[in-house]
Asks: 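First the structure, which I've put down as structure tokens, then a few questions once you've had a look.
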2 protein chains.
Amino acid sequence: MARNKNEPKLALTRERILDEAVAFADVHGVDALVMRKLAEQLGAGTMSLYNHVANKDEMIEGMVDVVSGEIDHPADGDEWRSAMRASAASAHAVLVSHKWAAAEWTRRRPGPNRLRYMDAILRTLTEAGLRPEVVYHGYHAITMHIVGFTIQELGYLDMPIGVDLEDLAAGFLGGLETSNMPHLAQHVRDHAGDDDHGDEFSWLLDLILDGLERSSRA
Amino acid sequence: MARNKNEPKLALTRERILDEAVAFADVHGVDALVMRKLAEQLGAGTMSLYNHVANKDEMIEGMVDVVSGEIDHPADGDEWRSAMRASAASAHAVLVSHKWAAAEWTRRRPGPNRLRYMDAILRTLTEAGLRPEVVYHGYHAITMHIVGFTIQELGYLDMPIGVDLEDLAAGFLGGLETSNMPHLAQHVRDHAGDDDHGDEFSWLLDLILDGLERSSRA
DNA sequence: ACCTGAACACCGTTCAAGT
DNA sequence: ACCTGAACACCGTTCAAGT
């Protein structure tokens with residue numbers, strides 16, 4: 001998908017680089033993200049990128065922060081649990097739409113957008129009147145749920161498209177049945193009948209939110 | 001740390017390769033794991049490794065499965081929550097002792113040891129008499145907690161050793177204070193006074209286990 | 001069946017030279 | 001201040017040749 005050669009050459013900026021890199025990773029995955037190819041995509045020399053990003057790692061940090069910027073913060077006026085549910089749903093949707101991002105999220109340092117998002121969650125929990133220890137633990141529980149759940153879910157979703165899922169599952173199941181893992185075989189079968197991951201995401205989130213509420217009032 | 005040259009050359013096996021690779025990653029991280037260096041460590045030619053592993057990715061899958069094999073399964077006779085707590089604590093300890101493993105866990109296909117572990121957790125939940133939907137969701141919640149929590153925790157622990165943590169935290173905090181993120185600044189301060197991650201791990205696990213119990217009886 | 005060095009393809013990044 | 005091609009260092013893996 002080469003850029004239109006008649007178009008006047010756009011100035012190379014950090015923002016353009018990050019946006020193009022995110023778009024590329026969305027389609028091909030981060031593993032396929034290569035500096036030479038990215039530069040080509042932008043109609044620039046490879047080394048020009050390094051005038052705007054320090055190196056590839058720092059660039060990926062920037063990409064994660066671009067994604068962080070797409071997440072809706074919990075709304076101010078709402079009851080704290082509805083506000084958290086809405087924001088978590090937004091974060092979940094954003095991470096699902098950038099499938100590479102959840103895994104990077106866990107191992108990159110937070111940039112400005114993500115720091116602001118962290119602060120907004122902590123503010124919501126604090127202003128809900130939860131006890132300080134519950135705010136502290138609850139923050140970890142909630143953020144862990146958002147990215148941990150999404151990573152697990154994407155592991156299942158990330159099957160190559162062309163494959164016959166029936167065959168794949170059948171073969172996998174056959175192996176399990178014959179190797180004395182009946183409960184795992186049942187679980188895999190259950191997965192086949194359940195594609196509404198959004199539902200499970202909020203079911204577990206509610207479990208956590210209600211637990212926090214209960215433990216803070218106790 | 002070269003191998004003793006007087007020692008008779010040990011036969012190269014898949015098991016020896018995986019063990020050495022795990023030990024290497026424990027010390028230097030997976031990013032530093034390089035086929036040439038690993039072969040050297042084993043006193044073999046680089047290409048000899050490929051007689052026992054298909055390629056580097058498949059080798060890392062094998063490494064994760066070696067780690068999976070170190071985890072204690074939930075014990076049969078115990079009350080289901082105590083059994084799960086003990087097994088989760090074991091998994092947590094194992095993942096902490098192989099700091100690279102949690103991140104790989106989320107993006108590698110499960111090998112035999114991990115499949116057995118998955119089956120054991122599902123069996124425990126099923127035999128506890130929980131409703132099938134609660135087993136299904138609960139399995140995801142528990143496994144998500146174990147690896148998700150550990151990944152987050154290691155992100156904090158993974159600071160380079162030589163650095164002055166006081167200075168680092170102070171500089172980081174300063175930036176936060178002046179950039180209108182008081183709640184995040186407070187949270188970072190709270191982290192400084194809390195190094196007992198094991199406690200928080202079980203606190204959140206209990207929140208989940210109790211929530212499952214309650215929701216299954218409802 | 002297992003071992004291995006040479007060679008290849010690929011990729012991040014340094015350098016020196018441009019504007 | 002920004003751009004860039006050539007070159008270097010590094011690394012996974014193929015190949016062909018050994019035992």
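Lettering of chains follows the sequences in order, A, B, ..., and the numbering in each one begins at 1.
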Asks: Roughly, in whole Å, what's the span from CG in B/Asp31 to C1' in D/dG12?
Replies: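 Spelled out: CG on B/Asp31 to C1' on D/dG12 is 15 Å.
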Asks: Grab the CD1-C1' distance between A/Ile60 and C/dG12 for me, whole Å please.
Replies: 12 Å
Asks: Side chain of A/Val34 only, heavy atoms from C-beta on: which candidate in C/dG12, C/dC3, D/dG12 is closest?
Replies: C/dG12
Asks: Does NZ or CZ of B/Arg85 lie under 6.0 Å from the centre of the six-membered ring of B/Trp80, at an angle within 45° of the ring axis?
Replies: no
Asks: Using both pair distances under 3.5 Å as the test, note the stems of at least 3 consecutive Watson-Crick or G-U pairs that include DNA chain D.
Replies: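 Stems for DNA chain D, defined as runs of 3 or more consecutive pairs: C:4-8 with D:12-16, C:12-16 with D:4-8.
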Asks: Starting from the C-alpha separation in whole Å, work towards a yes-or-no answer on side-chain contact (heavy atoms from CB on, under 4.5 Å) for B/Asn180 and A/Asp119.
Replies: CA-CA 9 Å; B/Asn180 280 8; A/Asp119 191 66; over 6 Å; no
Asks: Between A/His187 and B/His140, is the ring centre distance below 6.0 Å?
Replies: yes
Asks: To the side chain of A/Asn55, which of D/dG12, C/dC3, C/dT13 is closest?
Replies: C/dT13
Asks: Would you give me the side-chain donor-acceptor pairs under 3.5 Å for residues 66-74 of chain B, sequence neighbours excluded?
Replies:
from: B/Ser68; atom 1: OG; to: B/Val64; atom 2: O; distance (Å): 2.9
from: B/Glu70; atom 1: OE1; to: B/His98; atom 2: NE2; distance (Å): 2.9
from: B/Glu70; atom 1: OE2; to: B/His98; atom 2: NE2; distance (Å): 3.2

Asks: Which of these nucleotides, D/dG12, D/dC3, C/dG12, is closest to any side-chain atom of A/Lys56?
Replies: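 Side chain of A/Lys56 sits closest to C/dG12.
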Asks: Tell me yes or no: between the side chains of A/Thr143 and B/Gln152, is some donor less than 3.5 Å from an acceptor?
Replies: yes
Asks: Using the 3.5 Å cut-off, write out each protein N or O paired with an N or O of nucleotides 5-9 of chain C and the distance between them.
Replies:
none

Asks: Provide the closest heavy-atom pair for A/Tyr136 versus B/Glu200 in the form atom of the first, atom of the second, distance.
Replies: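 Smallest interatomic distance, heavy atoms only, reads O-OE2, 4.1 Å.
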Asks: What's B/Leu33 touching, base or sugar-phosphate or nothing? Going by heavy atoms closer than 4.0 Å.
Replies: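 It contacts sugar-phosphate atoms only.
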Asks: If you compare all heavy atoms of A/Ser87 against all heavy atoms of A/Tyr117, which two are closest, and at what distance to 0.1 Å?
Replies: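 Taking every non-hydrogen atom into account, OG-CE1, 3.6 Å.
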Asks: For the pair made of CG in A/Leu38 and P in C/dT13, what is the distance, rounded to whole Å?
Replies: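 Spelled out: CG on A/Leu38 to P on C/dT13 is 13 Å.
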Asks: Rounded to whole Å, please give me the gap between CD in B/Glu40 and C1' in C/dT4.
Replies: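 Value for this atom pair: 15 Å.
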Asks: Report the distance from atom CG of A/Leu49 to atom P of D/dC2, rounded to the nearest whole Å.
Replies: 14 Å
Asks: I need the CG-C1' distance between A/Asn51 and C/dA16, as an integer number of Å.
Replies: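 It is 14 Å, rounded to the nearest whole Å.
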Asks: Within a radius of less than 6.0 Å around CZ of B/Arg14, do more than 12 heavy atoms belonging to other residues, nucleotides or ligands occur?
Replies: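 More than 12 heavy atoms, drawn from other residues, nucleotides or ligands, come within 6.0 Å of this atom.
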Asks: Atom OH of B/Tyr50 and atom C1' of C/dT4: how far apart are they, to the nearest Å?
Replies: 13 Å
Asks: Could you give the CZ-to-P distance, from B/Arg14 to C/dA1, as a whole number of Å?
Replies: 18 Å
Asks: Decide, yes or no, whether a salt bridge links A/Asp76 with A/Arg123 under the criterion of side-chain N to carboxylate O below 4.0 Å.
Replies: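 Yes, A/Asp76 and A/Arg123 are salt-bridged.
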